[in-house]
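To keep things clear, I will list the structure first and then write my remarks on it.
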Amino acid sequence: MNDCIFCRIIAGEAPATILYADEQVTAFYDIHPITPVHILVVPNRHIESVNEVEEEDAKLLGHLVVVARHLAIANGLERRGYRLVINTGPDAGQSVFHLHLHLIGGRSMPFRFQ
Ligand code: DGP
């Protein structure tokens, strides 16, 4: 997917501060952080959104969460807490159509889901 910015970051063709990478996922800082810590954890394979997730992707999505947990600990978020957010589709404000998990924390966040 040459027109996908996250595919280009994963391939090393676009700049980003890579915090973690393995054969399944890549993590890097969000370019527009909304909290002191704002990291994106992204599957290396292009999946547009949760709408395209299949049963065989369950292990990959579990791995995304495990990597996010390690990054939360590495950034000192474990005790105070953090959010893991996956925006899906226009009503949720998804703007990059390559599935990604937001790890946000480092300040208290209001509860906004009503
Ligand atoms: P979402 O709204 O859930 O689709 O979030 C997409 C996020 O991706 C948004 O917070 C900004 C971030 N982002 C967009 N383009 C780039 C980029 O080129 N580099 C990095 N590091 N982050 C990006």
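Residues: numbered from 1 along the sequence shown. Order of appearance sets the numbers: ligands from 1, and atoms from 1 within every ligand.
- Checking I5, D30, L99 against atom 9 (C) of ligand 1, the nearest heavy atom belongs to D30.
- In terms of N/O distances under 3.5 Å, ligand 1 is approached by S95.
- Using a non-hydrogen distance threshold of 4.0 Å, A16 does not register as a contact of ligand 1.
- Which parts of ligand 1 touch Q94 is read off a 4.0 Å heavy-atom cut-off, strictly below it: atoms 2 (O), 4 (O).
- Assignment of I9 to the shell around ligand 1 is supported, since a heavy atom sits closer than 4.0 Å.
- No more than 12 heavy atoms of other residues, nucleotides or ligands lie within 6.0 Å of CZ in R80, so this atom counts as exposed by the packing criterion.
- Annotation for Y82 and A72: closest pair CE2-CB, 3.5 Å, computed over non-hydrogen atoms.
- Residue-to-ligand polar distances place V96 within reach of ligand 1: an N/O pair is separated by less than 3.5 Å.
- H102 places no side-chain N or O within donor-acceptor distance of the main-chain N or O of H100, the cut-off being under 3.5 Å.
- Although no hydrogens or angles enter the test, the distance criterion places no donor-acceptor pair under 3.5 Å between the side chain of D30 and the main chain of L40.
- The nearest pair of heavy atoms linking R83 to P110 is NH2-O, 2.8 Å.
- The minimum heavy-atom distance between P33 and H38, with the atom names listed, is CA-ND1, 3.4 Å.
- The distance criterion of under 3.5 Å between nitrogen or oxygen atoms is met by I31 with respect to ligand 1.
- Under 4.0 angstrom from ligand 1, the non-hydrogen atoms of F28 all belong to its side chain.
- By the 4.0 Å heavy-atom criterion, I34 is excluded from the residues contacting ligand 1.
- Contact between F97 and ligand 1 is absent, with no heavy atom of the residue lying under 4.0 Å from the ligand.
- Considering backbone and side-chain atoms alike, L40 places every N or O at 3.5 Å or more from each N or O of ligand 1.
- Other residues, nucleotides and ligands place more than 12 heavy atoms under 6.0 Å from the CG atom of D22.
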